[in-house]
Structures are given as structure tokens and as C-alpha cells.
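Below is one structure. I have some questions about it.
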Amino acid sequence: MEREDILRVLQAHPDNCVRAFHRGRPGRSGYLEGKVLIRHYGGLVPEEIVLKPVMFLKVRDRLVVSDTWGCGSLGGCTWRLADEAPAAPAADGERLPAGGAAARCRRRARRVSPGYKS
């Protein structure tokens with residue numbers, strides 16, 4: 001897909017986005033990461049289009065992270081168009097900083113396992 005095609009899909013529906021995921025630690029065996037373009041077209045189940053790294057880099061400058069989940073060994077994030085990204089409200093109504101979920105997960109892992117290294 002070309003840049004214009006990806007941007008056209010993202011602009012077509014407010015729920016369309018790019019989801020990134022990772023599993024494992026970078027540089028170690030079993031590490032896996034990827035990016036998927038989620039396209040809603042009126043059906044119950046959205047279509048997932050796997051984005052190669054080059055395809056994602058073509059539109060990276062127009063996207064912002066709107067949601068993160070997981071931690072260093074398992075997690076991901078949702079990318080939306082910069083002018084459409086909804087604010088991620090915290091429990092008290094304030095906006096969460098980028099990477100908030102990952103930071104909480106790292107803090108939790110340090111408390112649970114004394115041998116954890118970030």
C-alpha cells in the first residue's frame with residue numbers, strides 16, 4: 001500500500017487505526033513485533049491488514065499514539081491520525097502521559113520480582 005492509500009483508510013472511519021504489538025525482549029530469541037491496519041467497513045468484524053515496516057514508516061509522521069497497553073515483554077499501542085486522536089482520560093479525568101501503561105507495568109514488575117531488570 002502507498003502512503004495515500006493508508007491515509008485514505010484511516011480517514012474513512014473514526015475507528016480505523018494502526019495497532020502495534022510486541023512480545024518478548026528485543027535482541028532475544030522469540031521476539032515478535034508487528035503493526036496491523038484496522039479497517040472498519042460496516043461489518044461486525046473489522047478487516048486487519050498487516051503493515052510491513054516500510055509501509056508504516058510512510059505514514060508515521062501523521063500518526064500519534066492514542067492508547068498503550070502491556071509492559072516491556074508483552075504489549076502494544078494504538079496509533080491514530082494526529083488530528084483525530086482522542087484524549088485518553090485517567091480515572092480522575094486528567095490525560096495520561098504517553099507510555100503510562102508501560103511505566104505502571106514496569107513498576108509493578110519491580111515490586112513482584114526482585115530479579116527484574118528494565
Side-chain angles (χ1 to χ4, degrees):
M1 291 180 88
E2 293 301 319
R3 175 183 168 91
E4 294 77 25
D5 298 327
I6 297 170
L7 292 175
R8 192 175 311 118
V9 169
L10 290 170
Q11 292 168 345
H13 194 278
D15 291 335
N16 291 353
C17 60
V18 174
R19 295 234 170 96
F21 64 90
H22 65 273
R23 182 188 73 198
R25 296 278 182 188
R28 297 201 180 161
S29 65
Y31 181 72
L32 175 69
E33 70 177 15
K35 292 176 181 58
V36 179
L37 176 63
I38 306 292
R39 186 186 124 195
H40 294 81
Y41 55 93
L44 295 176
V45 179
E47 179 182 9
E48 295 183 354
I49 303 166
V50 176
L51 293 179
K52 296 179 182 174
V54 169
M55 296 163 66
F56 177 72
L57 290 175
K58 290 178 182 179
V59 295
R60 168 65 182 94
D61 61 330
R62 292 282 312 274
L63 303 175
V64 294
V65 174
S66 65
D67 185 31
T68 59
W69 60 274
C71 61
S73 60
L74 177 65
C77 61
T78 301
W79 299 79
R80 296 191 187 276
L81 285 175
D83 41 30
E84 296 179 0
D92 58 358
E94 293 181 12
R95 187 172 174 156
L96 290 172
R104 284 193 302 276
C105 188
R106 283 192 298 271
R107 286 193 300 268
R108 190 177 312 119
R110 282 190 204 115
R111 286 195 307 260
V112 173
S113 63
Y116 175 81
K117 295 179 182 172
S118 56

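Heavy atoms only: backbone and side chains are in, while hydrogens, waters and symmetry mates are out.
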>> Nearest 0.5 angstrom please: Leu10 CG to Leu63 CG, how far?
In response: 6.0 Å

> If every non-hydrogen atom of Tyr31 is compared with every non-hydrogen atom of His22, which pair is closest and at what distance?
Replying inline: OH-CB, 3.9 Å

> What distance do Arg80 atom CZ and Arg62 atom CZ have between them, rounded to the nearest 0.5 Å?
Replying inline: 15.0 Å

> How about Phe56 and Ile6: do any of their side-chain heavy atoms sit closer than 4.5 Å?
Replying inline: no

> Atom SG of Cys17 and atom CH2 of Trp79: how far apart are they, to the nearest 0.5 Å?
Replying inline: 12.5 Å

>> Is the shortest side-chain heavy-atom distance between Met1 and Leu37 below 4.5 Å?
In response: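 They are in side-chain contact.
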
> Does the side chain to side chain contact (heavy atoms under 4.5 Å, CB included) test come out yes or no for Leu51 and Val59, once each step is laid out?
Replying inline: CA-CA 11 Å; Leu51 293 179; Val59 295; 5.7 Å; no

> Can we say Asp61 and Arg3 salt-bridge, meaning some charged N sits less than 4.0 Å from an Asp/Glu carboxylate O?
Replying inline: yes

> From Leu74 CG over to Trp69 CH2, what is the distance, rounded to the nearest 0.5 angstrom?
Replying inline: 5.0 Å

>> Walk me through whether Glu2 and Lys58 qualify under salt bridge (Lys or Arg N to Asp or Glu O under 4.0 Å).
In response: CA-CA 8 Å; Glu2 293 301 319; Lys58 290 178 182 179; 3.4 Å; yes

> For the residue pair Val50 and Met55, what are the closest heavy atoms and their distance?
Replying inline: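 Looking at all heavy atoms of both residues, the shortest contact is O-CE, 4.2 Å.
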
> Roughly how far, to the nearest 0.5 Å, is the CZ atom of Arg8 from the CD atom of Gln11?
Replying inline: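 Result: 9.0 Å between the selected atoms.
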
> Which of these passes side chain to side chain contact (heavy atoms under 4.5 Å, CB included) with Thr78: Asp67, Val64, Val18, Ile38?
Replying inline: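 In the set Asp67, Val64, Val18, Ile38, the residue that makes a side chain to side chain contact (heavy atoms under 4.5 Å, CB included) with Thr78 is Asp67.
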
>> Could you measure the distance from the NE2 atom of His40 to the CD atom of Glu47? Nearest 0.5 Å is fine.
In response: 11.0 Å

